[in-house]
K.L.:
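Input: one structure, supplied below.
Start at 1 and go down the list; that is how both ligands and their atoms are numbered. For the numbers below, each heavy atom of this structure counts, side chains included, while hydrogens, waters and symmetry mates do not.
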Amino acid sequence: LPHGIIIKGIGGFYYVLSGDTVYECKARGIFRNIGTVPLPGDKVEITILNEKNKGNIEKILPRTNELIRPAISNINQVIVTIAARSPMPDLLLLDKLLINAALKDINAIVCINKIDLDTAGEYKAISQTYTSAGYKVLPTSTRTEEGLQDLSRELKDKISVFAGQSGVGKSTLINSIMQCNIMKTGDISSKIERGKHTTRHAELIPLKEGGFLADTPGFSSLDIMTMEPDVLQDYYPEFSEYRGGCRFSSCMHISEPDCEVKKAVESGIIDTGRYERYLTIYRVLKENYDMRFKNQTHDKYNSKRNRKGKQ
Ligand SMILES: Nc1nc2c(ncn2[C@@H]2O[C@H](COP(=O)(O)OP(=O)(O)OP(=O)(O)O)[C@@H](O)[C@H]2O)c(=O)[nH]1
Ligand SMILES: [Mg+2]
Ligand SMILES: [Zn+2]
């Protein structure tokens, strides 16, 4: 059967790109029976109907991953975008988005956009920090077009999604790369207007050189908030070389004695800012975790009491 990829789903129809043609497909009941809803990003087998450019989805090939918000599967990478200026970089958000990507097994690239506004080149320190933490960093400007070719090269043959704070230039970057105006940019009022009247469905935009871009802003930092605090350190690539040397195997690298991670911070090998944001996120996760634990024991206690009450 012909293979294709779902690029969007609307009103019970799935649009499947196969070769150079987009087929409007229906998914048969079997998918509902096995509890699988086809998603943009799904690689599928289709049968082509006699009617022009119509087909049926017969099979969904195994997914490498699936996101819920946005509802997309088989994402290869997320381009976590910040602006060098306007808005000023929110590195805590950046770190959370990088953790979320790793949590979902998706490769992350850091894009520092609007470098044209940073005449002093302060973004270079950020670039340095994240490069030495183990990430690929791409400085870009849609004004001067600096870095856009490098970014395009990274997108080739992959399914990518952009993430990051509002106003950093995600849509403008997508438009520049596509050399068209698929995405609405800028001016807030027109965005609010659009939000009011249209439901947004995730859609994959085919790139000329191969690969797809998801046009959705959904990838959020909230998903990491229910993570167990103990595993947070797994998502810091720059800790991995040192944590094995800590005196305690349970070391969280906070105030434990003989902590190799802290030593690496003190000697400037691990970036102090990254480490401090690790502590900030750790505390929040710990608080959330303890709260859930407390509620659980509280619920148990209450249900026991209720049972007793009934006797
Ligand atoms: N100076 C400068 N401005 C830029 C650059 N890229 C985008 N902008 C401007 O930044 C503003 C916001 O850009 P958008 O592309 O709408 O930002 P976004 O990240 O898509 O924002 P949301 O859709 O709200 O998440 C627009 O006015 C763009 O013209 C850049 O490289 N340099
Ligand atoms: Mg946008
Ligand atoms: Zn340690």
Side-chain angles (χ1 to χ4, degrees), residues 69-70 78-90 93-94 97 110-123 138-151 160-195 198 200 202-203 205 213-221 229-234 236 238-267 269-270 274-275 278-279 282:
R69 269 167 309 116
V78 49
I79 315 298
V80 184
T81 309
I82 59 172
R85 288 274 183 286
S86 174
M88 286 302 280
D90 181 344
L93 176 66
L94 172 60
L97 290 170
V110 177
C111 174
I112 310 178
N113 190 35
K114 305 200 191 185
I115 56 171
D116 58 288
L117 297 178
D118 182 7
T119 42
E122 285 169 26
Y123 74 88
L138 296 173
T140 58
S141 165
T142 60
R143 293 281 188 275
T144 65
E145 303 194 340
E146 231 175 310
L148 294 185
Q149 278 193 352
D150 297 321
L151 182 56
S160 311
V161 57
F162 278 81
Q165 205 184 337
S166 180
V168 295
K170 301 179 294 294
S171 300
T172 314
L173 280 166
I174 293 176
N175 287 342
S176 312
I177 286 162
M178 312 280 304
Q179 297 177 341
C180 66
N181 284 309
I182 283 190
M183 303 292 288
K184 292 235 163 68
T185 62
D187 149 35
I188 300 277
S189 63
S190 73
K191 276 181 193 163
I192 292 167
E193 196 98 9
R194 180 188 53 166
T198 57
R200 300 263 289 129
E203 181 172 349
I205 311 162
L213 275 181
D215 72 337
T216 163
F219 195 86
S220 103
S221 66
D230 294 14
V231 300
L232 177 63
Q233 56 175 309
D234 298 352
Y236 282 75
E238 70 267 51
F239 290 7
S240 63
E241 213 179 310
Y242 302 97
R243 37 189 274 206
C246 297
R247 191 208 295 186
F248 301 108
S249 61
S250 63
C251 192
M252 295 294 134
H253 329 300
I254 297 172
S255 50
E256 299 90 337
D258 297 326
C259 169
E260 288 300 311
V261 171
K262 264 174 57 179
K263 273 183 212 157
V265 175
E266 276 149 24
S267 61
I269 303 170
I270 291 176
R274 281 273 292 173
Y275 174 69
Y278 164 78
L279 294 181
Y282 181 87

K.L.:
With side chains defined as the heavy atoms from C-beta onward, is the minimum distance between F248 and P257 less than 4.5 Å?
P.N.:
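They are in contact (side-chain heavy atoms under 4.5 Å apart), so the answer is yes.
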K.L.:
Select one of side chain, backbone, both or neither to describe which atoms of N113 lie under 4.0 Å from any atom of ligand 1, heavy atoms only.
P.N.:
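The side chain, only.
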K.L.:
If I consider every N, O or S atom in H253, which one ends up closest to the Zn ion (ligand 3)? I only need its name.
P.N.:
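Nearest N/O/S atom of H253: ND1.
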K.L.:
Short N/O distance, under 3.5 Å, between T140 and ligand 1?
P.N.:
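It does not: no N or O of T140 is found under 3.5 Å from an N or O of ligand 1.
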K.L.:
Show me which atoms of ligand 1 lie under 4.0 Å from any heavy atom of D116.
P.N.:
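The list of qualifying atoms is 1 (N), 2 (C), 30 (C), 31 (O), 32 (N).
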K.L.:
Run the numbers for me: atoms of ligand 1, each under 4.0 Å from some heavy atom of S166, listed by number.
P.N.:
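Those atoms are 21 (O), 22 (P), 24 (O), 25 (O).
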K.L.:
Distance check below 2.8 Å: does T172 bring an N, O or S atom to the Mg ion (ligand 2)?
P.N.:
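Looking at T172, which is the residue asked about, there is no N, O or S atom under 2.8 Å from the Mg ion (ligand 2).
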K.L.:
Can you check which of I82, T144, T172 brings a heavy atom nearest to atom 7 (C) of ligand 1?
P.N.:
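Considering heavy atoms of I82, T144, T172, the nearest to atom 7 (C) of ligand 1 sits in T172.
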K.L.:
Quick one: does G164 get an N or O within less than 3.5 Å of an N or O on ligand 1?
P.N.:
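For ligand 1, there is no N or O atom that lies under 3.5 Å from one belonging to G164.
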K.L.:
Could you walk me through whether K262 and E256 pass the salt bridge (Lys or Arg N to Asp or Glu O under 4.0 Å) check?
P.N.:
CA-CA 9 Å; K262 264 174 57 179; E256 299 90 337; over 6 Å; no
K.L.:
Is the number of heavy atoms from other residues, nucleotides or ligands within 6.0 Å of CD (E145) greater than 12?
P.N.:
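Open.
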K.L.:
At the Zn ion (ligand 3), what is the angle formed between atom SG of C246 and atom SG of C259, rounded to the nearest 10°?
P.N.:
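Seen from the Zn ion (ligand 3), SG and SG are separated by roughly 110°.
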K.L.:
Nearest 0.5 Å, what's the CG-CD distance between N113 and E146?
P.N.:
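So the gap between those two atoms works out to 11.0 Å.
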K.L.:
Can you name the nearest heavy-atom pair linking I270 to E238, along with the distance?
P.N.:
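I270 and E238 have their closest heavy atoms at CD1-O, 3.6 Å.
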K.L.:
Fit a plane to each ring of Y278 and H253, take the angle between them on a 0 to 90° scale, and name the class: parallel (under 30°), tilted (30 to 60°) or perpendicular (over 60°).
P.N.:
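The arrangement is tilted - the two ring planes meet at 30° to 60°.
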K.L.:
Run K263 and E260 through salt bridge (Lys or Arg N to Asp or Glu O under 4.0 Å) and show every step you take.
P.N.:
CA-CA 5 Å; K263 273 183 212 157; E260 288 300 311; 3.0 Å; yes
K.L.:
Heavy atom under 4.0 Å from ligand 1: found in L117's side chain, backbone, both, or neither?
P.N.:
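It is the side chain that touches ligand 1; the backbone stays farther off.
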